[in-house]
J.: 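One structure, pasted below without further comment.
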Amino acid sequence: MTDESDLTELQILVFNIKGCSMGTDMDHIQEIVEPDRLDRENLQIYCFHDGVLLPEGKTDYKSPMVLLIKHQERLAGVMVDDHEDILTIDIHSIYPLPPLLEACNKSAVWGVALQGEKIILLVDFCRLLLNY
Amino acid sequence: MPVDITKSERILAEVKKLRGQGRITDIDEEKVKMVIFSLSDNFYAFYVSEVQEILPLLKEPADVPGMPDFIIGIINVRGNIESVIDIHRFMGLGQASNTPDTRIIIAAKEGIRSGIRVDYVADVIDIPVSSVDPPIPNIDESVKEFVIGRMTYNNQNVNILDVGNIFKRTTI
């Protein structure tokens with residue numbers, strides 16, 4: 001079991017949606033599968049777009065991928081788009097959401113990682129599954 | 001030698017006019033510093049004591065999903081993540097468009113800090129405390145709760161906004 005205080009790095013999968021860069025903890029992801037190669041029956045697949053309360057409107061997925069997330073014995077798929085990289089980030093480069101956003105936050109976004117000038121919103125996929 | 005009454009009267013009239021505009025003040029009079037900015041062609045002001053810096057809008061803030069529409073997103077200010085409020089939408093003044101003059105005022109009060117997008121910053125001035133008046137009674141309902149006073153700038157009325165009230169309202 002990992003001692004939380006030993007955490008110095010976080011491995012995240014970075015993907016884009018509607019111009020936003022999002023990152024999610026690789027530890028939550030069991031598998032990354034192309035939608036047409038999914039061979040599991042009775043697997044619920046959710047659209048990431050809905051779970052993070054992005055503004056209404058049609059989202060055109062350019063290169064969709066399904067992330068298989070296991071949380072509390074529940075396995076579900078979350079469809080994301082345009083995944084670009086797997087990054088290892090120092091936890092010191094992670095920032096909490098600014099106080100005003102923290103107070104208004106209804107989504108699964110829990111923090112912000114900076115990679116140079118780039119802002120990556122960190123999404124908790126386990127929390128995301130609770131929203132569905 | 002005839003006394004140049006006309007000239008002295010002219011000077012006195014000019015001095016009175018300047019004092020009336022708050023541009024000449026008694027040396028010992030207490031002053032406050034204000035940031036004057038524009039929203040939808042009206043002037044507003046913050047106390048400088050509540051303003052940390054004024055930034056140009058170099059690129060669109062990063063959108064954060066699930067937020068109220070008056071929160072535009074977040075920006076990276078030299079390694080600090082700051083939220084940005086669209087004060088037009090927040091105060092019901094319509095939608096603003098970005099121009100080269102658009103500025104983000106980083107304001108802070110009572111432990112909360114955020115960027116506030118404004119059309120442009122007109123001035124940063126010292127004014128005598130005595131020239132800050134109470135808000136006008138018939139002020140627009142949408143901005144009433146945020147206005148804590150008024151002043152004059154370039155012969156125009158300027159509503160002084162309270163950063164703390166704005167932040168409190170955004171979190172309700």
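In what follows, every chain begins at residue 1, and chains take the letters A, B, ... in the order their sequences are listed.
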J.: Show the nearest heavy-atom pair for residues A/P98 and B/E82, with the distance to one decimal.
T.: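 That would be CG-C, 3.9 Å.
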
J.: Taking A/V123 as the starting point, is it possible to reach B/M67 by hopping between hydrophobic residues whose side chains are less than 4.5 Å apart?
T.: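 As far as the 4.5 Å side-chain criterion goes, A/V123 and B/M67 are connected within one cluster.
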
J.: Roughly how far, to the nearest 0.5 Å, is the OG atom of B/S114 from the CG atom of A/L101?
T.: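 The distance works out to 7.5 Å.
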
J.: Is B/L39 linked to B/V51 within one hydrophobic cluster, defined over Ile, Leu, Val, Met, Phe, Trp and Tyr using a side-chain heavy-atom separation of less than 4.5 Å?
T.: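 B/L39 and B/V51: one cluster.
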
J.: So which part of B/I71 gets closer than 4.5 Å to some heavy atom of chain A, the side chain, the backbone, both or neither?
T.: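 Side chain only.
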
J.: Where is the tightest heavy-atom contact between A/L100 and B/F167, given as atom of each residue plus distance?
T.: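 Heavy atoms of A/L100 and B/F167 come nearest at CD2-O, 3.8 Å.
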
J.: Answer yes or no: does atom CG of B/D41 have more than 12 heavy-atom neighbours from other residues, nucleotides or ligands under 6.0 Å?
T.: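 For B/D41, atom CG is not crowded (no more than 12 foreign heavy atoms under 6.0 Å).
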
J.: A/E102 versus chain B, heavy atoms under 4.5 Å apart: side chain, backbone, both or neither?
T.: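 Interface part for A/E102: neither.
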
J.: When clusters are formed by joining ILVMFWY residues with side-chain heavy atoms under 4.5 Å apart, either directly or through shared neighbours, do A/M22 and A/I12 land in the same one?
T.: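 Hydrophobic grouping puts A/M22 apart from A/I12.
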
J.: Which heavy atom of A/E117 sits nearest to which heavy atom of B/K59, and what is that distance?
T.: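 So the two residues come closest at O-NZ, 3.9 Å.
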
J.: Counting only heavy atoms closer than 4.5 Å, note whether A/L114 contacts chain B via side chain, backbone, both or neither.
T.: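 Contact with chain B is through the side chain of A/L114 alone.
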
J.: State yes or no: do B/V121 and B/I106 share one hydrophobic cluster built from I, L, V, M, F, W and Y residues joined by side-chain heavy-atom distances below 4.5 Å, directly or via other members?
T.: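 No, no single cluster joins them.
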
J.: For the pair A/L121 and B/I74, evaluate side-chain contact (heavy atoms from CB on, under 4.5 Å) and give the outcome as yes or no after the intermediate values.
T.: CA-CA 10 Å; A/L121 299 177; B/I74 52 177; 3.7 Å; yes

J.: Are B/V129 and B/M151 grouped together when hydrophobic residues (ILVMFWY) are joined by side-chain heavy atoms under 4.5 angstrom apart?
T.: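 Result: yes, single cluster for both.
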
J.: Tell me, for B/I85 versus chain A, whether the close heavy atoms (under 4.5 Å) come from the side chain, the backbone, both or neither.
T.: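 For B/I85, side-chain heavy atoms alone lie under 4.5 Å from chain A.
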
J.: Between B/N76 and A/I119, what is the shortest heavy-atom contact and its length?
T.: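 It is N-CD1, 3.8 Å.
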
